[in-house]
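Working notes for the structure below.
Since the structure is predicted, the reported quantities are computational estimates derived from the model, not experimental observations.
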Amino acid sequence: MVATALRKQGHEVVEFTPPDLERGLNIAYQLLFSDGGDQIRSLLSPGESLGKASSSMFDLLAFPKCVKQLLAYLTRKSDPATAALLRIMHTKSVTELRALTAQRDAYRAEWHKSWMEKGLDFVITVPHPFPAFKHGESEKVNLMTAGFTTIFSLLDYTAGVQPVTFVDKDLDRLPDDFKPTSLTETLAYSVYDAEGMHGLPLGVQVVGRRLEEERVLEGMKIVQDALKQQDIVFVNKVQIATGGSGSEDQ
């Protein structure tokens with residue numbers, strides 16, 4: 001939808017194949033949880049607890065490393081994505097942290113080279129695999145599905161998200177032959193329900209390079225204007241009751 005609208009307005013839209021995303025996310029997750037979650041726990045107030053998604057990640061970090069390595073070995077063929085996660089998710093030593101920082105910087109350089117060679121102004125992608133899901137289901141969806149935003153945090157790129165359309169129960173239902181390829185996908189897609197999510201907002205993510213906040217805001221405006229020219233205007237469908245009058249605004 002967005003790509004088509006931009007092309008009709010005269011913008012050049014090209015396919016972009018970035019450097020290995022799985023490798024980048026593996027670096028990001030290891031850096032994010034390199035301390036085993038100690039810093040996050042230290043910020044909790046007395047009696048305060050973590051959400052289910054964070055708690056499940058910290059449970060994985062606390063699991064004995066030798067057991068995780070064994071499980072990774074046993075699942076390396078049947079579920080390579082989960083096996084890779086089991087191998088890398090443990091508290092890092094100073095030496096490991098320095099190596100990961102060097103890997104991050106090298107990965108950033110690869111992205112910069114690819115970006116410049118392609119002559120990009122922006123990258124347009126989705127912000128998340130799913131629309132909003134029900135309260136309490138974050139443990140199944142888990143933090144591993146946040147890769148579309150995590151990767152740009154690793155790169156220190158600027159990104160903005162804007163709503164453009166809504167879930168359609170007919171267009172957005174999963175194919176009959178859909179099969180998850182990992183345990184992470186199996187759990188995450190167990191909460192996806194096109195029928196129940198019908199009408200929820202869907203957005204795109206407009207990404208620029210480091211320190212390009214104003215440029216990204218302008219890119220988001222370009223997307224909005226391009227859609228408007230195609231008579232596609234996002235209007236919030238949430239019903240808001242006004243006090244006392246009993247009327248509702250859309």
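Inter-residue side-chain proximity for Leu217 and Glu214 is flagged as unmet; no heavy-atom pair is nearer than 4.5 Å. With contacts defined as side-chain heavy-atom distances shorter than 4.5 Å, the pair Met116/His112 qualifies. With a 4.5 Å cut-off on side-chain heavy atoms, Val164 and Leu227 count as touching. The closest side-chain heavy-atom distance from Thr150 to Leu25 is below 4.5 Å. Using a 4.5 Å cut-off on side-chain heavy atoms (C-beta onward), Pro131 and Pro201 make no contact. With a 4.5 Å cut-off on side-chain heavy atoms, Tyr73 and Arg87 do not count as touching. Put simply, the side chain of Val13 does not reach to within 4.5 Å of the side chain of Ile124, judged on heavy atoms. Phe33 is listed as a side-chain neighbour of Phe58, based on a closest heavy-atom distance under 4.5 Å.
The structure places CG of Leu174 at 9.5 Å from CG of Asp193, a figure rounded to the nearest 0.5 Å. Rounding to the nearest 0.5 Å places NE2 of His198 at 9.5 Å from CG of Leu171. Rounded to the nearest 0.5 angstrom, Met197 CE and Leu202 CG are separated by 10.0 Å. Interatomic distance, CG of Leu71 versus SG of Cys66, reported as 9.5 Å (0.5 Å rounding). Here the straight-line distance linking atom CG of Leu31 with atom CD of Gln103 works out to 8.5 Å at 0.5 Å rounding. Taken to the nearest 0.5 Å, the CG atom of Leu85 stands 8.0 Å off from the CG atom of Asn26.
Connection of Leu154 to Leu97 is established within a shared hydrophobic cluster, with ILVMFWY side chains joined at heavy-atom distances below 4.5 Å, either directly or through further cluster members. No continuous path of ILVMFWY side-chain contacts below 4.5 Å connects Leu120 to Ile222, so the two sit in separate hydrophobic clusters. Residues Phe130 and Val204 do not share a hydrophobic cluster, clusters being chains of Ile/Leu/Val/Met/Phe/Trp/Tyr side chains in contact below 4.5 Å. Grouping the Ile, Leu, Val, Met, Phe, Trp and Tyr side chains by contacts below 4.5 angstrom, directly or via other members, places Leu61 with Leu100. With hydrophobic clusters built from ILVMFWY side chains whose heavy atoms lie under 4.5 angstrom apart, Tyr29 shares a cluster with Leu155.
For the residue pair Lys8 and Gln229, no side-chain donor N or O sits within less than 3.5 Å of a side-chain acceptor on the partner.
When each of Lys221, Gln162, Arg215, Glu218 is checked for a side-chain contact (heavy atoms from CB on, under 4.5 Å) with Val206, only Gln162 meets the rule.
Salt bridge status for Glu137 with Lys134: absent, with no side-chain N to carboxylate O gap under 4.0 Å. The existence of a salt bridge linking Asp79 and Arg76 is excluded, since no basic side-chain nitrogen approaches an acidic carboxylate oxygen closer than 4.0 Å. Salt-bridge check for Glu110 with Arg23: passed, with a basic side-chain N closer than 4.0 Å to an acidic carboxylate O.
Taking each heavy atom of Gly199 and Phe166 in turn, the nearest pair found is O-CD2, 3.1 Å. Closest non-hydrogen pair, Gln69 versus Leu86, comes out as NE2-O, 4.0 Å. Minimum interatomic distance between Val223 and Leu6 (heavy atoms only, all atoms of both residues): CA-CD2, 4.3 Å. Nearest approach of Leu200 to Ala132, heavy atoms of both residues: CD1-O, 3.3 Å. The minimum heavy-atom distance linking Gln30 with Lys92 is given by the pair OE1-NZ, 2.9 Å. Across Val14 and Lys118, no two heavy atoms sit closer than the pair CG2-CE, 3.9 Å.
Sorted by first then second residue, the ring-ring contact (aromatic ring centres under 6.0 Å, His included) pairs that include residues 1-25, not counting sequence neighbours, are Phe16-Trp111.
A donor-acceptor pair under 3.5 Å is absent between the side-chain atoms of Gln224 and the main chain of Met220, judged by distance alone. Within the 3.5 Å criterion, the main-chain N or O of Gln39 finds a donor-acceptor partner in the side chain of Asp35. A donor-acceptor pair under 3.5 Å is formed between the side chain of Lys68 and the backbone N or O of Leu60. No donor-acceptor distance shorter than 3.5 angstrom exists from the side chain of Glu48 to the backbone of Leu44, with no hydrogens or angles considered. Within the 3.5 Å criterion, the main-chain N or O of Ser78 finds no donor-acceptor partner in the side chain of Thr75. Judged by distance alone, the side chain of Tyr107 and the main-chain N or O of Asp20 form a donor-acceptor pair under 3.5 Å. Proximity of a side-chain donor or acceptor of Arg104 to a complementary backbone N or O of Ile27 within less than 3.5 Å is not detected. With Gln205 contributing its side chain and Gly160 its backbone, the two residues share no donor-acceptor pair below 3.5 Å. Listed for the His90 side chain is no donor-acceptor partner under 3.5 Å among the backbone atoms of Lys65.
Using cut-offs of 30° and 60° on the angle between ring planes, the pair Tyr157 and Phe152 is parallel.
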Give the C-alpha distance, both sets of side-chain angles, the deciding distance and a yes or no for side-chain contact (heavy atoms from CB on, under 4.5 Å) between Val207 and Val216. CA-CA 7 Å; Val207 182; Val216 166; over 6 Å; no
Given side-chain contact (heavy atoms from CB on, under 4.5 Å), test Thr158 with Leu211 step by step and report yes or no. CA-CA 7 Å; Thr158 305; Leu211 302 177; 5.8 Å; no
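When ring centroids are compared, Phe178 and Tyr189 come within the 6.0 Å threshold.
Judged as a salt bridge (charged side-chain N to carboxylate O under 4.0 Å, His left out), and not counting sequence neighbours, the contacts of Arg210 are Asp156. With sequence neighbours excluded, the residues forming a salt bridge (charged side-chain N to carboxylate O under 4.0 Å, His left out) with Arg41 are Asp38, listed by chain and number.
The cationic group of Arg209 does not satisfy the cation-pi geometry with Phe122, failing either the under 6.0 Å distance to the six-membered ring centre or the 45° limit from the ring axis.
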